[in-house]
Amino acid sequence: MLSLLSVIGYNQLPRFKTIISSGFSDNVQSKGKLLVKSHHVINVKEIILVNDAIRLEKWMLAINRQGFIPKKSSRICNIHFLKTDFVDSPGGSYKLKLKPNTVPSVFPGRPVASTSIFSESPVHQSDVLNTTPTKKRPLLSSSDDDNKDKSWVWSWTETKMPKATSSPILFTPSKKMRSEISFPVSPKIPASTPTKYKKQIRLLKQKLRRREATIKNMKGLLDNLKNIGMLNDDSEDMLLGMFEGISSDIFKNQIKNAARAAKGHRYSLEIKQFALTLHYYSPKAYAYCRSILSLPNISAIRNWTSSVNAEPGFLTEVFDALKTLSPADKHCNLILDAMAIRKQIVWDKKNSKYVGFSDYGNELDLEGTNTPATEVLVFMLVSLNGKWKVPVGYVFQNKISASTQAELINSALTISHNVGLKVWGVTCDGAFTNFSSMKILGCSFDNIDNYDDLKCWFDHPVTTEKVFFIPDPCHMVKLARNTLGNNKTLISNDGAVKWSYIDQLFEVQNQLSLKFANKLSQAHVKWQNNKMKVKLAAQTLSASTADALTFLKNMHMDNFHNVDATVIFCRNIDRLFDFLNTRNPFGKGFKSPIFPSNIDFLESVVVPIVQYLFSLKIQNQSKNLQFVHTTNKKSFVIGFAIATKSILSIAKALFHETPHFKYVLSYKFSQDHIEILFSRFRQKFGSNNNPNILQFKTALKQILMKNAITCKTNGNCNTFDNDVFGDLLEFKWNRKKENLNDFDEIDEIEDKIDEDIINRMTLLNSSNKTMIKAKENILYYITGYIVKKVCKIIDCNSCITSLTENINEHDYSLPLRHKQFVLLKNQGGLVITSICVFRIIKETEISFLYYTNHLSNINIKNLDKKIISHVINKFVLDHSIFKNLSCENVEILERPHKLVLITLLVKKFLSVRLHSYGKQFSSDLLNPVSKRQKLTKTILFYNQ
């Protein structure tokens, strides 16, 4: 429709919403508005504004509507104009432009005069514009056709104009399936948004965006409130109505905590979730936001995190939460995969032990207590009918064995069954350990020559029902690409499948600097540097690559004459991957979900593709042809076959046993879910692609809590859904014991140190007096730091005095041998401690060496508590220790200050000593030559 006043330029008139039209029966009338269906709309921006009041009067006379007053928003249909009223656009463009001084003259139902009342030229019926196209515009036209009749752009009628049935804009027909396979129509799933509401939704979204932009600057709004001087209830309600979502929550939080002291702040669940998510991404960004907004203290976030029990093994709290699900949502799939972690030993103060060693939970010792962990094996459950996906367990390992992994899988299935979950399958990648584990559990796929002989299931350890093995399709695509890329040629029944055709296609596109509608790039053909990227493999062996090769063959381009076998291979891999990766309930073709009505047809289409993979051959070292599935390159053939058979079997069983399942999405069985979880682990603190054990535990705890953590887009796989990861556990405050009174657990630990053995320790009691003297000086130097820290947390003057030594400036005797280094370093700021403190610290070091067998075994549980217990038992009754201690105002039930001092000194020293040795052990013994910094700097110097 044309903008009436935009054409005429009469902008002074008031605005209105009426649409000018003919008003006859072929239009739709609703609430005083005449809406014209299927007529062409001219872009108002294309029209030249002319300030012509005389022309407006002519338009009003031609419209001839009683009581009509035009406004700026008035519109008129293009059907009321003649063919000659429009500018003849070069090339037959469908965009209509009016000529100057044009007036509407065509009104169906009125007699068409032989002469227009506003023009001197005669008007013919053939000039009346009909917006229904009768011919399609050709996609390509040559200069030879410039003089031909352009009736393919518009058609003209000599009689009364019929109803408009379609838009004059010409569209390219929808792409048809290139294959000859005719897919059945999937059952229609009612759309959640009717078409008639789409425009209204679009307008509402636009209105919402504008409103959010208006209230985005909250600080300016708060400053305005401060200028007013008060904020009553009415104004508060008015302002809160302007916000929604997290903006509203932050605003309410600011108002609620504005007049409260820092310790009296209270936060809603939404604010806690926002704080946890922001701190997860960047503690520095959180600290900055906290300086502006009222947000929880960082110590509060640490406390909430520590309330979650996420020790190695299977997570009891998570299974307790899954127990409350409805029976319809308890159908799920088990996914397992390993993630590399940093090889590092760290002191865990909370658990009183060194962590970083292999740990299977429940104090199981399967790889040796002193074997450093190099990866973490994570178990995850994904719902088949709902929106939940959650990690349920993990273990730290160093190259786990197949038998151990099989036992862990059985444990996961057993625990899942105990809480009412029905696990239909187990998904993992194509690693040798994974396939070996499945063989141990009961699967059989060795010496198999066809699809029907595969046994892709094993018995459930509790119910003996079938549990199916699903190799991850994404890894199978990468293995297929790797096999073709490494061997260069595969032999099929259709001919030779060659990687060289893909290389040559890339070279042709590179020369043209354009692409034949595919994604091939340098990263695709040089895939060795990007082996882990799934999208590179999927885009290489795709239908778009096959289409490009077919096009070049049809053009008779050199070196592309025998591409048929390669095209078939790419299409088969692409179709099989689409079938095993369906995630849209409205998908079509190979991307269609599995319905009860189409499962037999899909099986009849997909199984021949699997049989095609079994027919592939490869040339062995002796130059003889051998079937791929009988060589060590068989993983992708066997993997695709097992995944196809397992998913079809699960779908049949689901439709038979659970009628509420209307369809099955094969994406639910993909390993992408756990890969995305790993990506979220690596996003801790912004970017941490190599976390250690403590960092992994912290990230897992926060993911399990209420959060809004999302995944980055440049990982090994892409995110295709917004399903929640974790988000199960509520925020709880973890009450801690008072440090000064936490002696109960220490008293329970028995002291079993043989004093004769301690006295014979090699390091401090060896014949090398120089080493003894050197270490005593270092210990005495550390003792000054310990005393300085302890003095900050005690308030008894007598205790503080007993920790330090009075310095007599007129004492000219030689200093004790353990003080020489401190006196050398001291320039007035070092603390000179008493001999009692030095004896306690020295005994603590001796105990540390004893319990760790002279540092040969540091993986000892409750190491610090055992040392504290020994030192206390040795010195608490020694009258030479703090003999001048004279504390006043000691209550009857209060611990003796002597006991408190000994405990504090030992704890503070151990916190320094144990943490320091953990770093030394990791840097000097585990990773003596670190390549990380050198390689990182090399990459930076290459400007990559």
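Basis for what follows: all heavy atoms, side chains included, without hydrogens, waters or symmetry-related copies.
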Completion exercise
Closest non-hydrogen contact found for G313 with V395 is N-CG1, 4.5 Å
Handout entry: NZ (K256) with more than 12 external heavy atoms under 6.0 Å
Key = yes
Problem - Over 12 non-hydrogen atoms of neighbours within 6.0 angstrom of NZ in K792 - result: no
Practice task
Please determine which of Y286, Y288, W304 meets the ring pair (Phe, Tyr, Trp, His ring centres under 6.0 Å) test together with H279.
Solution key: Y286
Problem - Backbone of P585 reached by a side-chain donor or acceptor of Y663 within 3.5 Å - result: no
Exercise for the section: Establish, from distance only, whether the side-chain atoms of H417 and T414 form a donor-acceptor pair under 3.5 Å. Expected result: no
Exercise for the section: Find out whether I674 and F379 are in side-chain contact, i.e. whether some heavy atom of one side chain is under 4.5 Å from a heavy atom of the other. Expected result: no
Practice task
Side-chain contact test, heavy atoms from C-beta onward, threshold under 4.5 Å: evaluate it for Q397 versus D359 and give yes or no.
Solution key: no
Handout entry: S326 versus D329, side-chain donor and acceptor atoms under 3.5 Å
Key = yes
Problem - Other residues, nucleotides, ligands: >12 heavy atoms within 6.0 Å of K330 NZ - result: yes
Exercise for the section: Decide side chain to side chain contact (heavy atoms under 4.5 Å, CB included) for L384 and F661; before the verdict, give the C-alpha distance in whole Å, the side-chain angles of both, and the deciding distance to 0.1 Å. Expected result: CA-CA 9 Å; L384 300 184; F661 266 89; 4.1 Å; yes
Problem - Polar side-chain atom of T582 near backbone of P593 as donor-acceptor pair, under 3.5 Å - result: no
Exercise for the section: Using a 4.5 Å cut-off on heavy atoms from C-beta on, say whether the side chain of M705 contacts that of L276. Expected result: yes
Practice task
Output the distance between atom CG (L536) and atom NZ (K519), rounded to the nearest 0.5 Å.
Solution key: 11.5 Å
Exercise for the section: Taking all heavy atoms of P391 and all of L700, pick out the closest pair and write down the distance. Expected result: CG-CD1, 3.7 Å
Practice task
Taking the side chain as every heavy atom from C-beta outward, state whether W388 and L381 have any pair of such atoms under 4.5 Å apart.
Solution key: yes
Handout entry: Test item: I693 and Q344 side chains (from C-beta on) under 4.5 Å apart, heavy atoms
Key = no
Exercise for the section: Answer with yes or no whether the side chains of T371 and S358 bring together a donor and an acceptor at under 3.5 Å. Expected result: no
Exercise for the section: Say whether, by atom type as modelled, one donor and one acceptor occur between the side chain of S306 and the main chain of N303 under 3.5 angstrom. Expected result: yes
Handout entry: E375 side chain to N398 side chain, donor-acceptor N/O pair below 3.5 angstrom
Key = no
Practice task
Go through the side-chain N and O atoms of K684 and Q702 and say whether any donor and acceptor fall under 3.5 Å apart.
Solution key: yes
Handout entry: D429 (side chain) donor-acceptor with H475 (main chain) under 3.5 angstrom
Key = no
Exercise for the section: Evaluate the ring planes of Y354 and Y917, with Trp represented by its six-membered ring, and classify them as parallel (under 30°), tilted (30 to 60°) or perpendicular (over 60°). Expected result: perpendicular
Exercise for the section: Walk me through it: do V390 and V392 pass the test side chain to side chain contact (heavy atoms under 4.5 Å, CB included)? Expected result: CA-CA 6 Å; V390 60; V392 295; 4.2 Å; yes
Fill in the blank from the handout: Rounding to 0.5 Å, atoms SG (C474) and CG (D672) come to a distance of 4.0 Å
Practice task
Flag the pair F678 / D337 as yes when at least one side-chain heavy-atom distance between them is below 4.5 Å, and no otherwise.
Solution key: yes
Practice task
Output the distance between atom CE (M339) and atom CG (N690), rounded to the nearest 0.5 Å.
Solution key: 8.5 Å
Practice task
Show your working on side chain to side chain contact (heavy atoms under 4.5 Å, CB included) between K478 and K533 and close with a plain yes or no.
Solution key: CA-CA 8 Å; K478 291 191 291 185; K533 294 285 187 180; over 6 Å; no
Problem - For the student: nearest non-hydrogen atoms of I301 and A275, plus distance - result: CD1-O, 3.9 Å
Practice task
Cation-pi check, K349 to W347: give yes when NZ or CZ is under 6.0 Å from the six-membered ring centre and within 45° of the ring axis, no otherwise.
Solution key: no
Practice task
Look at the side chain of S922 and the backbone N and O of K919, then say whether any donor-acceptor pair between them is shorter than 3.5 Å.
Solution key: no
Practice task
Could you tell me whether the side chain of I341 reaches within less than 4.5 Å of the side chain of N692, counting heavy atoms only?
Solution key: no
Exercise for the section: Measure from the side-chain N and O atoms of N257 to the backbone N and O of R266, and report whether any donor-acceptor pair falls under 3.5 Å. Expected result: yes
Completion exercise
Heavy atoms of L421 and C332 approach each other most closely as CB-SG, 4.2 Å
Exercise for the section: Report yes if some heavy atom in the side chain of N434 is under 4.5 Å from a heavy atom in the side chain of L336; otherwise report no. Expected result: yes
Exercise for the section: Report yes or no: do D249 and N253 form a side-chain donor-acceptor pair below 3.5 Å? Expected result: no
Exercise for the section: State whether a side-chain donor-acceptor pair under 3.5 Å links H265 with S294. Expected result: yes
Fill in the blank from the handout: Closest non-hydrogen contact found for F396 with A373 is CB-CB, 3.8 Å
Completion exercise
Of all heavy-atom pairs linking E317 and S307, the shortest is OE2-O, 4.1 Å
Problem - Spacing of CG belonging to L654 relative to OG1 belonging to T658, to within rounding of 0.5 Å - result: 4.5 Å
Handout entry: Neighbour count above 12 (heavy atom, 6.0 Å) for K591 NZ
Key = no
Handout entry: N581 CG to F669 CZ distance, which is reported to the nearest 0.5 Å
Key = 12.5 Å
Practice task
Spell out, as yes or no, whether a donor-acceptor pair under 3.5 Å connects the side chain of N297 to the backbone of A300.
Solution key: no
Problem - Side-chain (R290) to main-chain (P296) donor-acceptor, under 3.5 angstrom - result: yes
Problem - Interatomic distance, N862 atom CG to S352 atom OG [nearest 0.5 angstrom] - result: 5.5 Å
Handout entry: Test side-chain contact (heavy atoms from CB on, under 4.5 Å) applied to L704 and L315, N309, T305, the passing residue
Key = L315
Handout entry: Worked check of side-chain hydrogen bond (donor to acceptor under 3.5 Å, both in side chains) between H673 and K389
Key = CA-CA 8 Å; H673 307 288; K389 54 183 77 170; 2.8 Å; yes
Handout entry: Pair Y394 and F696, ring centroids less than 6.0 Å apart
Key = yes
Problem - Side-chain donor-acceptor pair present, T427, N333, cut-off under 3.5 Å - result: yes
Exercise for the section: Verify side chain to side chain contact (heavy atoms under 4.5 Å, CB included) between K353 and K865, making sure each step is shown before the conclusion. Expected result: CA-CA 10 Å; K353 66 176 183 179; K865 294 179 180 179; over 6 Å; no
